[in-house]
Amino acid sequence: MKEITAIIRPEKLEALKDALMTINIDGMTLHQVLGCGNQHGWLAHHRGSKVMMNMLPKVEIRIVCKKEKVDEVVGLILKVAATGEAGDGKIFIKPIEDVIRIRTGERGPDAL
């Protein structure tokens with residue numbers, strides 16, 4: 001099993017959720033986050049001073065899936081979330097040792 005974490009633009013969230021449902025990914029965790037990278041933010045004025053606002057709103061999506069599904073999920077995220085501009089986000093993939101469904105005690109891929 002693998003955990004896929006994607007940091008995306010907030011305006012891409014609904015389209016991505018809908019697209020993930022079409023490939024039978026219905027389990028995910030979402031967080032509203034702030035971040036910065038190559039996009040660098042924008043210049044704002046606060047009390048007469050110029051201030052660089054480089055922490056931009058993003059959405060973090062976490063999905064745990066079977067490793068055979070990773071390429072399909074990543075490909076879908078790339079297709080749906082990309083605008084071609086700086087600030088589109090990142091995707092991180094890491095191994096998951098085990099998962100346990102609390103309600104039933106099932107373990108491993110069956111618990112997904």
Side-chain angles (χ1 to χ4, degrees):
M1 292 173 295
K2 300 282 187 173
E3 178 181 32
I4 301 167
T5 301
I7 311 293
I8 64 167
R9 296 173 182 269
E11 62 268 22
K12 295 294 188 172
L13 176 60
E14 289 305 316
L16 182 56
K17 284 189 334 186
D18 292 344
L20 288 166
M21 296 293 176
T22 67
I23 62 167
N24 297 319
I25 299 292
D26 51 8
M28 62 189 83
T29 302
L30 305 173
H31 299 274
Q32 292 181 351
V33 297
L34 296 173
C36 64
N38 291 337
Q39 193 176 10
H40 299 297
W42 69 93
L43 193 60
H45 295 276
H46 181 69
R47 296 186 181 192
S49 298
K50 292 180 182 177
V51 179
M52 185 62 170
M53 306 297 290
N54 64 348
M55 298 304 283
L56 301 171
K58 301 289 180 183
V59 175
E60 178 183 86
I61 301 171
R62 291 184 178 180
I63 300 164
V64 176
C65 63
K66 295 178 181 177
K67 59 183 171 182
E68 298 82 20
K69 197 97 168 149
V70 169
D71 289 341
E72 184 179 16
V73 172
V74 169
L76 188 67
I77 295 169
L78 291 171
K79 178 182 173 186
V80 174
T83 68
E85 300 293 325
D88 280 350
K90 300 270 190 294
I91 301 171
F92 305 94
I93 303 166
K94 60 184 174 184
I96 295 293
E97 226 175 274
D98 201 3
V99 61
I100 302 165
R101 185 182 310 244
I102 294 173
R103 178 175 50 87
T104 62
E106 290 171 283
R107 294 185 83 126
D110 292 337
L112 294 176

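Here, residue 1 is the first one in the sequence, and each next residue gets the next number.
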Who else is in Val64's hydrophobic cluster (ILVMFWY, side-chain heavy atoms under 4.5 Å, direct or via others)?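 Answer for Val64: Met1, Ile96, Val99, Leu112.
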Hydrophobic clusters join Ile, Leu, Val, Met, Phe, Trp and Tyr when side-chain heavy atoms are under 4.5 Å apart, directly or via other members; which others share one with Ile100?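 Result for Ile100 is none, singleton.
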Are [X] and [Y] in one and the same hydrophobic cluster, where Ile, Leu, Val, Met, Phe, Trp and Tyr link if side-chain heavy atoms are under 4.5 Å apart?
X     : Y     : result
Leu13 : Phe92 : no
Ile8  : Met21 : yes
Leu56 : Val59 : no

Distance from Ile61 atom CD1 to Lys12 atom NZ, nearest 0.5 Å?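 Here the interatomic distance stands at 12.0 Å.
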First locate atom CG of Leu16, then atom CD1 of Ile63, and finally report the distance between them rounded to the nearest 0.5 Å.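 So the CG of Leu16 and the CD1 of Ile63 are separated by 6.5 Å.
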Heavy-atom count check: over 12 atoms from other residues, nucleotides or ligands less than 6.0 Å from Asp71 CG?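 Not more than 12 within 6.0 Å, no.
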For Ile102, I'd like to know if atom CD1 has over 12 heavy atoms of other residues, nucleotides or ligands within 6.0 Å.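 At most 12 heavy atoms, drawn from other residues, nucleotides or ligands, come within 6.0 Å of this atom.
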I'd like to know if Arg62 and Glu60 make a salt bridge, using a cut-off of under 4.0 Å between side-chain N and carboxylate O.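 Salt bridge flag = yes for Glu60 with Arg62.
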Heavy-atom closest pair, residues [X] and [Y]:
X      : Y      : value
Glu106 : Asp110 : OE2-O, 3.6 Å
Ile23  : Lys69  : O-NZ, 2.9 Å
Ile25  : Met28  : O-CE, 3.9 Å
Ile4   : Ile91  : CG2-CG2, 3.8 Å

Could you give the side-chain donor-acceptor pairs of residues 76-87 under 3.5 Å, partners two or more places apart or in another chain?
| residue | atom | partner | partner atom | Å |
| --- | --- | --- | --- | --- |
| Thr83 | OG1 | Glu85 | N | 3.2 |
| Thr83 | OG1 | Asp88 | OD1 | 2.5 |
| Thr83 | OG1 | Asp88 | OD2 | 3.3 |

Given side-chain contact (heavy atoms from CB on, under 4.5 Å), test Lys94 with Lys2 step by step and report yes or no. CA-CA 6 Å; Lys94 60 184 174 184; Lys2 300 282 187 173; over 6 Å; no
